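Being a predicted model, the structure only gives us computed values, none of them experimental. Reminder, nothing fancy here: chain letters follow the sequence lines and each chain counts from 1.
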There are 2 protein chains.
Amino acid sequence: MKKELFGICPYVTSQKILTGKWSIYILYLLSRGPVRFNELQRRLPEEMTHATLSRQLKQLEEEGLIIRHEYEQIPPKVEYSLSEIGEKFETVLDALENWGNDYIQWLQKTKSNE
Amino acid sequence: MKKELFGICPYVTSQKILTGKWSIYILYLLSRGPVRFNELQRRLPEEMTHATLSRQLKQLEEEGLIIRHEYEQIPPKVEYSLSEIGEKFETVLDALENWGNDYIQWLQKTKSNE
DNA sequence: CAGGATCCCCACAGATACTG
DNA sequence: CAGTATCTGTGGGGATCCTG
């Protein structure tokens, strides 16, 4: 029998959500307010294509973290924003930002010592 | 020119560290104190083989998050523990645990409504 | 503008066998 | 006990082309 811990263990569950290569960055960008599709892509590193962005957004939407709001107009306008449970993720983002910066500093100290 | 954000942006850098399928769970287990290799495997979900665990540990060690301490004895004994920068990650783990539990609750509420 | 459809490709997890 | 070596399969990202 396989132990399926998704939906049971908070760590395994979180890890699953964060699998996407850009998930954290996307959530961070959306945490600062709703953003349109193209604008989102512009703010992401260049190597990410819109096809990839599209997939990641759809996944995050299916997981319930973000909301897709489509304005019925020509030309099309679609805004993405955090859902309620997505907004709660901001505490994780804050912790990640702090730790990430610490880690970057540590990296530089280490590199300069060799 | 490619924007390489690893080592610059805290979010991209964090994401990179967390790529491994079990990284968060491993860091959590180690946050409770040093653990030996086999014990670590026993506490992880069954589907993970020791080959996979070995690779993940080596990666985390190379990234500087964990420390491998080998006791010179027969039979061998190796303990893994968090490094200094690894211990700082615990604030992220706490945030993840809280959010993960919230998300699990949210999942169940959502599921029961359909 | 905001995507969908395809194809390709590879990193990485899993399985198995072997070792000091 | 604590690994390494090797093979294999697959999911997911990148690239390119097409569309309402």
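When distances run from any side-chain atom of B/Tyr80 to the nucleotides D/dG3, D/dA2, D/dG14, the shortest one goes to D/dG3. Between D/dG14, C/dG4, D/dG3, one nucleotide has an atom nearer to the side chain of A/Lys58 than all others, and that is C/dG4. If you check D/dC17, D/dA2, C/dG14 against the side chain of A/His50, the one that comes closest is D/dC17. With distances taken from any side-chain atom of B/Lys21 to the nucleotides C/dC1, D/dG14, C/dG14, the minimum falls on C/dG14. Taking every side-chain heavy atom of A/Val78 into account, C/dA2 is the closest of C/dA2, D/dA15, D/dC1. Checking D/dA2, C/dA2, C/dG14 against every side-chain atom of A/Phe37, the shortest atom distance belongs to C/dA2.
Within the nucleic acid shown, A/Gln56 comes within 4.0 Å of sugar-phosphate atoms alone, with no base atom in reach, counting heavy atoms only.
Between A/Pro75 and A/Ser54, it is A/Pro75 whose nearest contact on DNA chain C lies nearer the 5' terminus. Projected onto DNA chain D by closest heavy-atom contact, A/Ala51 and B/Lys77 fall at different nucleotides, the more 5' of which corresponds to B/Lys77. In this structure, B/Thr19 and A/Asn38 both approach DNA chain C, and ranking their closest nucleotides by distance from the 5' end singles out A/Asn38.
The structure places NZ of B/Lys88 at 13.5 Å from CG of B/Leu82, a figure rounded to the nearest 0.5 Å.
Contact check, A/Trp22 against D/dG14: a side-chain N or O comes under 4.0 Å of OP1 or OP2. Residue B/Arg36 places none of its side-chain N or O atoms closer than 4.0 Å to OP1 or OP2 of D/dC1. Here B/Thr52 reaches the OP1 or OP2 of C/dG14: one of its side-chain N or O atoms lies under 4.0 Å away.
In the hydrophobic cluster analysis, where Ile, Leu, Val, Met, Phe, Trp and Tyr join through side-chain heavy atoms closer than 4.5 angstrom, B/Ile8 is grouped apart from B/Leu18.
Distance A/Arg42 CZ to C/dC1 P: 7 Å, rounded to the nearest Å. Rounded to an integer number of Å, the gap from A/Ile17 CD1 to D/dG12 C1' is 16 Å. Across the protein-nucleic acid pair, B/Leu60 atom CG and C/dC12 atom P stand 12 Å apart, rounded to whole Å. Put simply, CD1 on A/Ile74 is 13 Å from P on C/dC1, counting in whole angstrom units. Rounded to an integer number of Å, the gap from CG of A/Leu53 to P of C/dA5 is 16 Å. For the pair B/Leu57 CG and D/dA2 C1', the computed distance is 11 Å after rounding to whole Å. Going from atom NZ of A/Lys16 over to atom C1' of D/dG11 covers 12 Å, rounded to whole Å. Summarising the geometry, the separation between CD on A/Glu39 and P on C/dC1 is reported as 11 Å, rounded to the nearest angstrom.
No more than 12 heavy atoms of other residues, nucleotides or ligands sit less than 6.0 Å from atom NZ of B/Lys16. More than 12 heavy atoms of other residues, nucleotides or ligands lie within 6.0 Å of CD in B/Glu87, so this atom counts as buried by the packing criterion.
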Next on the checklist: Before you tell me yes or no, could you show the steps for B/Val78 and B/Arg68 under side chain to side chain contact (heavy atoms under 4.5 Å, CB included), namely the whole-Å CA-CA distance, both residues' side-chain angles and the distance that decides it to 0.1 Å?
Outcome noted: CA-CA 7 Å; B/Val78 178; B/Arg68 194 187 107 107; 3.7 Å; yes
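A donor-acceptor contact under 3.5 Å links the side chain of A/Arg55 to the base of D/dG14.
Side-chain contact, A/Tyr25 with B/Gln15: no donor N or O sits under 3.5 Å from an acceptor N or O.
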